[in-house]
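Structure provided below as structure tokens; questions to follow.
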Amino acid sequence: MSEKAAERLRDGYFGPYGGRFVPETLMAALAQLEREYRSAMADEGFQAELDRCLREIAGRPSPMYFAKRLTEHWGGAKIYLKREDMNHTGAHKINNTLGQGLLTLRMGKKRVIAETGAGQHGVATAMAAAVFGLTCDVYMGTEDIRRQALNVFRMELMGARVVPVTTGQRTLKDACNEALRDWMASVEHTHYILGSVVGPAPFPEMVREFQCCIGREARRQMLEAEGRLPDVIIACVGGGSNAAGIFYPMIADQQVRMIGVEAGGRSMGLGDHAASLVAGRPGVLHGTKSYILQDEDGQTAPVHSVSAGLDYPGVGPEHAYWKDTGRVTYTTCSDEQAIDATCLLARIEGIIPALESAHAVHEAARLAPSMKPDQIILINLSGRGDKDCTEIAEILKRRGER
Ligand SMILES: *Cc1c(COP(=O)(O)O)cnc(C)c1O
């Protein structure tokens, strides 16, 4: 890396992407957060406490599972699943909320806020707040509150307050706006636990680091099981945190192909999907420069996905960098294909994946048959599908399959 590139990375840039596009009131808070984060990462005591939390609360390490029946069904590459669906609260989100929860204690703050779409990040934040004795407010669009009633109740049961957001499309982007607005007024005593590798620096790097336990474990588990690294790693991309977490620890291993799968939604017409990297243009959203879905006037476009967790018009700046440099390939999976992949995994392996994760399963279905039996695909199964069952049942009914 050139000195200039290293310098930019230190500033919170990944090539031309990233940065800190926020009002002056947040600059000091972000600088403080960055200082605390860097000192925590260098502190063995903090690392030991984080490891303990990941083990005893999240249940890590998550298994890496050889999907024998799925492998036989597709008749090509060997399929392995990294089982983030086995984590406490049902997804990879907990890796990040435990890390940022500990950081909140270290900063001496007593309150946390979060934004949530599907409610998975809200639930993981509410859980961390309960464990660490923090007050917790979660911003959630009223459209998502309607779609994800169970997760709203789980958050409330764990002592969090769910704040309804009625602006815009009433989904994730609007919840992010409100959380940022709250933080500007409350930054003295409140930490904003951002849920993905998006937002102003240091969030993209910090959230990626907290999610890297996925890829570090997967790397070790794969070497134990197969004596080598996988040929392909596939992960779904909303903001990009589960993907960054599994990619990053093997990003320097050039022989490992990496594929990120975005929400292809109903169609590739603007407003019908959430494929920011595949169909967006560089712009600024929520304090960071990255690929954004926008109309001709540069207005952030409405987005759609069957999976609320992928329903976001931006994406992490590091993914933008990986796209431009060609290190990672990005593609899409439609709503219908995600539903089919969910049903397939449920029937063949007895695993009901989150609709988000099913996007990655679909891409594996496309690739595996043309690969050789000694080649390996590793799928990051970012979460479990319990939260999606009502939605899936409705869709299958509409299709006449139920
Ligand atoms: C939130 C969520 C995602 C999308 O977020 P990323 O930051 O892209 O990982 C994917 N899968 C599940 C199960 C989620 O809960």
Side-chain angles (χ1 to χ4, degrees), residues 62 81-97 100 114-125 127 138 140 144 147-148 150-151 154 171-173 175-176 193-199 203-204 206-208 210-215 233-248 259-263 274-277 286 288 290-291 303 305-320 322 328 330 333 338 341-342 345 351-362 379-388 391:
S62 70
L81 308 176
K82 180 62 173 161
R83 298 292 305 274
E84 292 301 296
D85 61 310
M86 301 273 274
N87 294 336
H88 180 39
T89 67
H92 66 290
K93 298 288 193 329
I94 191 171
N95 306 324
N96 174 41
T97 63
Q100 290 199 50
E115 83 296 335
T116 198
Q120 290 299 100
H121 176 58
V123 167
T125 303
M127 188 283 311
V138 179
M140 189 169 188
D144 289 330
R147 288 194 286 189
Q148 301 287 343
L150 178 62
N151 274 344
R154 292 168 80 199
T171 57
L172 184 55
K173 172 180 76 88
C176 281
I193 302 192
L194 225 161
S196 192
V197 287
V198 299
F203 282 109
M206 182 174 75
V207 176
R208 181 250 281 156
F210 287 140
Q211 291 294 359
C212 271
C213 52
I214 306 173
I233 305 179
I234 307 176
C236 66
V237 176
S241 69
N242 85 87
I246 199 164
F247 290 164
Y248 192 77
I259 303 174
V261 187
E262 298 192 302
S276 320
L277 288 161
H286 297 139
T288 195
S290 185
Y291 278 78
V303 280
S305 170
V306 70
S307 55
L310 300 182
D311 218 349
Y312 182 70
V315 66
E318 194 165 22
H319 285 286
W322 288 335
V328 181
Y330 296 90
C333 160
T342 302
L345 195 63
I351 299 168
I352 303 172
L355 282 172
E356 291 84 0
S357 323
H359 285 69
V361 176
H362 167 77
I379 304 171
N380 198 17
L381 212 69
S382 53
R384 70 178 82 128
D386 305 38
K387 68 181 174 62
D388 298 317
E391 178 104 18

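Every number for a ligand or one of its atoms is a count from 1 in the order of the listing.
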Hey, does Gln211 sit under 4.0 Å from ligand 1 if you only count heavy atoms? no
Ala118 heavy atom under 4.0 Å from ligand 1: no
Note: ligand 1 atoms sitting under 4.0 Å from heavy atoms of Gly309 are 4 (C)
At a 4.0 Å cut-off, with the gap strictly under it, does some heavy atom of Gly240 reach an atom of ligand 1? yes
Side chains of Asn96 and Gln211: donor-acceptor distance under 3.5 Å anywhere? no
Please check whether Val197 reaches ligand 1 - meaning an N/O of the residue sits under 3.5 Å from an N/O of the ligand, judged on distance alone. no
Distance filter under 4.0 Å to Gly238 heavy atoms, resulting ligand 1 atoms: 8 (O)
Considering heavy atoms of the protein only, find what lies nearest to atom 12 (C) of ligand 1 and give residue, atom and distance to 0.1 Å. Ser382 OG, 3.5 Å
Side chain, backbone, both or neither: which part of Lys93 has a heavy atom under 4.0 Å from ligand 1? side chain
Distance under 4.0 Å to a non-hydrogen atom of Ser241: what atoms of ligand 1 satisfy this? 6 (P), 7 (O), 8 (O), 9 (O)
Is it the case that Asn151 and Gln120 place a side-chain donor and acceptor less than 3.5 Å from each other? yes
Is it the case that Thr125 and Thr97 place a side-chain donor and acceptor less than 3.5 Å from each other? no
His286 and Tyr312: CA distance, side-chain angles, deciding distance, ring pair (Phe, Tyr, Trp, His ring centres under 6.0 Å) verdict: CA-CA 11 Å; His286 297 139; Tyr312 182 70; 5.8 Å; yes
Minimal non-hydrogen separation, Gly260 against Val328, with atom names: N-CG1, 4.0 Å
Can a side-chain donor-acceptor contact be found between Thr288 and Ser290 if the only test is distance below 3.5 angstrom? no
Out of all atoms in ligand 1, which are within 4.0 Å of some heavy atom of Asn242? Include the element for each. 6 (P), 8 (O), 9 (O), 10 (C)
Ligand 1-proximal atoms of Ala354, by part, heavy-atom distance under 4.0 Å: side chain
Side chain or backbone, does Glu356 bring an N or O within less than 3.5 Å of an N or O on ligand 1? no
Which one holds for His121 and ligand 1: side chain close, backbone close, both close, or neither close, with close meaning a heavy atom under 4.0 Å? neither
Regarding Glu84 and Ser62, do their side chains bring together a donor and an acceptor under 3.5 Å, going by distance alone? yes
Is any side-chain heavy atom of Tyr330 closer than 4.5 Å to a side-chain heavy atom of Ile259? no
Show your reasoning for whether salt bridge (Lys or Arg N to Asp or Glu O under 4.0 Å) applies to Glu318 and Arg208. CA-CA 9 Å; Glu318 194 165 22; Arg208 181 250 281 156; 3.0 Å; yes
Residue Gly383 vicinity, atoms of ligand 1 by number, heavy atom under 4.0 Å: 13 (C)
Just so I know, are the side chains of His92 and Phe210 near enough to count as touching, which here means a heavy-atom distance under 4.5 Å? no
Please list, in number order, the atoms of ligand 1 under 4.0 Å from a heavy atom of Gln120. 15 (O)
